[in-house]
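Letters A, B, ... mirror the listed sequences (proteins, then strands); counts begin at 1.
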Protein chains: 2
Amino acid sequence: MSEPDVFAALSNPVRREILLQLRKGPRAVNDLASGFNLGRPAVSEHLQVLRKAKLVREEPRGRERYYHLDPRPLSEVDDWLKAFTHYGKQRLAALEDVLDEESRK
Amino acid sequence: MSEPDVFAALSNPVRREILLQLRKGPRAVNDLASGFNLGRPAVSEHLQVLRKAKLVREEPRGRERYYHLDPRPLSEVDDWLKAFTHYGKQRLAALEDVLDEESRK
DNA sequence: TTGATGTGTCGGAAGTTTCCGACGTATCAA
DNA sequence: TTGATACGTCGGAAACTTCCGACACATCAA
């Protein structure tokens, strides 16, 4: 059993696409799977990873399961990124000076 | 040979920590490796992944190599996240209604 | 030069991820 | 009830990741 790891959940392009799709509204598994060049078990397993990362929530409707997006764990990634966006214009400018100097050759 | 994949590069906690460390300034490989419970080859290989994702730049200084942070590819992640932060207060509010309703049991 | 240091990379081991077919279970329609 | 549908999950294959020791090479100090 693995821990809920948001970064790891986002490392797969299929899972990122699933999350993007779910922005438009909840979707059943077969419906989702038909949009990928993948079998249903694979999509089901990607959904399991997203579920463990708490990025999706499942809602049973009859014999289908609608998956809903829960974007809240993405704030962990956003917070991590902030450590770099607030990383100081001065150092960024200095870096770009160096890169400019290199490209001048 | 693998493509430069920023999301995949961030999926490993050691690599994320390396990037955080490099905010404070460039570091040589042995210097970096001493901060982890890891051998030098492992750190060197993590740096290779970060290099392919263009998140770091190497600067040879004598027999050492100083690695510099280049945070610019992180904007790809930031842009991707924006698709969710601008994902509409109305849907988020609706989601939280549902979650509240569930927790009321 | 010789010897020590800093680094990249290869070969291989161990673990993890990704995918599929097959199966079991629940639900629905008739 | 019977048959079809929707889904989760298991077993296993293939590919990838992560790590290490060993080695090669360049640089420095003497």
- Between R15(A) and H46(A), is there a donor-acceptor pair closer than 3.5 Å when you use the side chain of the first and the backbone of the second? no
- What do you reckon, is CG of N37(A) surrounded by more than 12 foreign heavy atoms closer than 6.0 Å? no
- Item | salt bridge (Lys or Arg N to Asp or Glu O under 4.0 Å) partners for R65(A), two or more places apart | E58(A)
- Item | Atom pair distance, as rounded to whole Å: CG in L50(B) and C1' in dG8(C) | 15 Å
- Under the side-chain hydrogen bond (donor to acceptor under 3.5 Å, both in side chains) rule, collect the residues that match up with Q48(B), sequence neighbours excluded. none
- Pairing pattern in dot-bracket form [Watson-Crick, G-U; both distances under 3.5 Å; | = partner strand] for DNA chain D: ||||||||||||||||||||||||||||||
- Query: Taking only residues two or more places apart in sequence or in another chain, which ones pass side-chain hydrogen bond (donor to acceptor under 3.5 Å, both in side chains) with R51(A)?
  - Reply: Y67(A)
- Message: Rounded to whole Å, how long is the line connecting atom CG of D5(B) with atom P of dT18(C)?
- Response: 11 Å
- Query: Could you write nucleotides 7-13 of chain D as a row of B, S and -, 5' to 3', where a protein heavy atom under 4.0 Å of any base atom gives B, of only sugar-phosphate atoms gives S, and otherwise -?
  - Reply: BBBB---
- Note on the structure: Taken in chain and number order and not counting sequence neighbours, the residues that satisfy salt bridge (Lys or Arg N to Asp or Glu O under 4.0 Å) with E59(B) are R61(B)
- Message: Is the phosphate of dT17(C) approached by H46(A) (side-chain N or O, under 4.0 Å from OP1 or OP2)?
- Response: no
- Note on the structure: Residues passing the ring pair (Phe, Tyr, Trp, His ring centres under 6.0 Å) test with F7(B), sequence neighbours excluded, are W80(B)
- Note on the structure: Here the residues of residues 8-21 of chain A within 4.0 Å heavy-atom distance, strictly under, of DNA chain C are N12(A), R15(A)
- With D78(A), which residues qualify under side-chain contact (heavy atoms from CB on, under 4.5 Å), at least two apart? K82(A), D78(B), L81(B)
- Query: Just how far is it from atom CG of N12(B) to atom CG of L50(B), taken to the nearest 0.5 Å?
  - Reply: 8.5 Å
- Query: Sequence neighbours excluded, which residues qualify as side-chain hydrogen bond (donor to acceptor under 3.5 Å, both in side chains) partners of R27(B)?
  - Reply: Q21(B), D31(B)
- To the nearest angstrom, how far is N37(B) atom CG from dT18(D) atom P? 17 Å
